[in-house]
Number of protein chains: 2
Amino acid sequence: MEHRIDRIKKQLHAQSYKLTPQREATVRVLLEREEDHLSAEDVYLLVKEKAPEIGLATVYRTLELLSELKIVDKINFGDGVSRYDLRKEGAAHFHHHLVCMECGSVEEIEDDLLEDVEKIVQSDWGFQVKDHRLTFHGVCRNCQLEAAKKTQTS
Amino acid sequence: MEHRIDRIKKQLHAQSYKLTPQREATVRVLLEREEDHLSAEDVYLLVKEKAPEIGLATVYRTLELLSELKIVDKINFGDGVSRYDLRKEGAAHFHHHLVCMECGSVEEIEDDLLEDVEKIVQSDWGFQVKDHRLTFHGVCRNCQLEAAKKTQTS
DNA sequence: TATTAATTTATAATTATTTTAAATTACAGA
DNA sequence: TCTGTAATTTAAAATAATTATAAATTAATA
């Protein structure tokens with residue numbers, strides 16, 4: 001954890017940004033909740049526990065900055081809210097998501113899966129791919145089991 | 001065109017929704033600008049040319065409704081605006097997008113491309129895929145050519 | 001430790017979208 | 001063709017998400 005904070009500190013300094021306590025607290029929240037997909041508001045509420053004086057606007061600015069530095073990825077699952085997702089260290093590409101239409105859960109897929117597709121896009125469309133966003137909407141394992149149970153009992 | 005309007009009318013009636021002039025005007029705009037990725041505001045301005053009395057809220061409601069009926073797909077490219085994209089007739093899945101980070105242009109890909117990936121997601125993650133959203137961010141052919149020109153002259 | 005550019009705060013403004021209640025209207029059925 | 005009714009629109013206000021502003025503060029270099 002401290003190691004990653006340190007690296008982020010260096011990334012900030014490299015572009016003459018400062019690591020303020022507010023920014024550090026925000027990064028810590030993101031590291032602690034790496035599995036989640038927090039909205040700015042979510043992050044704000046969690047950061048407040050560490051740094052009660054922080055303002056929501058600061059959280060927004062920090063998340064925007066971390067986004068520029070490719071430390072977090074901003075994503076939107078179709079509700080009107082942006083969510084912020086920490087990029088895995090050393091990951092070249094953004095990971096994928098499985099959004100359950102029944103229960104709303106979000107699962108992450110680290111595997112690339114798109115290598116072949118990107119090659120086709122490059123060669124057939126002449127489009128130079130820099131990043132991607134891939135989200136599957138469907139029914140997660142749990143909800144499938146639930147549905148199966150209901151069918152049996154009824 | 002009239003044929004598609006008729007089909008949409010039937011889809012509405014099947015769920016006891018009405019085809020009001022406002023809805024028809026909205027659908028016509030979407031059909032005429034099928035290649036584009038219009039925001040609600042964009043649609044509103046275009047619909048106003050056909051039906052000047054229409055309100056923005058009505059456009060939002062209509063787009064929401066068409067979304068539910070799977071006539072349009074709602075998508076978000078990362079600016080804070082939802083965009084509405086007419087589903088091709090008979091298309092099982094939502095098409096993909098190539099968003100140019102230089103000029104902001106958006107190109108569409110009709111080809112499925114994800115069949116294999118979806119099979120893997122189903123078998124390895126037990127996730128039942130119903131739909132997807134795939135967007136590539138990168139540099140379009142034009143902007144690559146522009147960049148190449150600049151390198152030559154300088 | 002002094003300087004200065006970067007940052008935060010607090011507040012207000014903006015933008016996107018949704019809600020509400022009253023007035024209107026599409027359309028199934030007489 | 002007319003009518004009743006549920007669905008819809010309008011107009012306006014409310015809400016939610018995000019961004020901008022100016023004054024006060026502060027991190028980090030020299």
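All figures in this text were calculated on a predicted structure; none of them were measured in a lab. A, B, ... follow the sequence lines: proteins, then strands. Residue 1 opens every chain.
- When the P atom of D:dA11 is taken as reference, atom CD of B:E53 falls 9 Å away, rounded to whole Å.
- Inspection of the B:R23 and B:T26 side chains reveals no N or O donor paired with an N or O acceptor under 3.5 Å.
- Between B:R61 and the phosphate of D:dT10, there is no side-chain N or O to OP1/OP2 separation shorter than 4.0 Å.
- Between A:K74 and A:L19, the residue anchored closer to the 5' end of DNA chain D is A:K74, taking for each the nucleotide with the nearest heavy atom.
- B:E41 comes within contact range of no nucleotide atom at all, as no heavy-atom separation falls under 4.0 Å.
- B:K9 has its NZ atom 15 Å from the C1' atom of D:dA7, to the nearest Å.
- Within 4.0 Å (heavy atoms only), A:L56 reaches at least one base atom of the nucleic acid.
- At a cut-off of 3.5 Å, with distance as the only test, a side-chain donor of B:H95 or B:D85 sits close to an acceptor on the other residue.
- For B:T58, counting side-chain heavy atoms from C-beta on, the closest listed nucleotide (D:dT10, C:dT9, D:dA28) is D:dT10.
- To the nearest angstrom, P of D:dA28 lies 15 Å from CD of A:Q15.
- One can place NE2 of A:H13 at 13 Å from P of D:dA30, the figure rounded to the nearest angstrom.
- Counting only heavy atoms from C-beta on, A:Y60 has its side chain closest to D:dT19 among D:dT19, C:dT8, C:dC27.
- Note: CD (B:E24) to P (C:dC27) measures 10 Å, nearest angstrom.
- Taking every side-chain heavy atom of A:I54 into account, C:dT9 is the closest of C:dC27, D:dA28, C:dT9.
- Each of B:S39 and B:K18 has a nearest nucleotide on DNA chain C; the 5'-most of these lies closest to B:S39.
- The side-chain heavy atoms of A:H93 and A:D112, taken from C-beta on, include a pair separated by under 4.5 Å.
- Among the nucleotides C:dT9, C:dT7, C:dC27, the one closest to the side chain of A:Q22 is C:dT9.
- Between the CD atom of A:Q11 and the C1' atom of D:dA28 there is a distance of 18 Å, given to the nearest Å.
- The residue among A:T62 and B:P21 whose nearest nucleotide of DNA chain C is located toward the 5' end is A:T62.
- Using a distance-only test at 3.5 Å, with no hydrogens or angles considered, no donor-acceptor pair links the side chain of A:D6 to the main chain of A:H3.
- Distances from the side chain of B:A57 to the nucleotides D:dA28, D:dA12, C:dT9 place D:dA12 closest.
- Residue B:S82 places at least one side-chain N or O closer than 4.0 Å to OP1 or OP2 of C:dT17.
- If you measure from atom OH of A:Y44 to atom C1' of D:dT18, you get 14 Å, rounded to the nearest angstrom.
- Computed from coordinates, the B:L63 CG to C:dT17 C1' distance equals 12 Å when rounded to whole Å.
- Nearest to the side chain of B:Y17, among C:dC27, C:dT7, D:dA7, sits D:dA7.
- For the salt bridge (charged side-chain N to carboxylate O under 4.0 Å, His left out) with B:E2, the qualifying choice from B:K9, B:R28, B:R7 is B:R28, the only one to do so.
- A salt bridge is defined here as a Lys NZ or Arg NE, NH1 or NH2 lying under 4.0 Å from an Asp or Glu carboxylate O, and A:E34 with A:R4 meets this definition.
- When the side-chain nitrogen and oxygen atoms of B:T20 are compared with OP1 and OP2 of D:dT9, one or more of them lie within a distance under 4.0 Å.
- Of the candidate nucleotides C:dA26, D:dT10, C:dA16, C:dA16 has the atom nearest to the side chain of B:V81.
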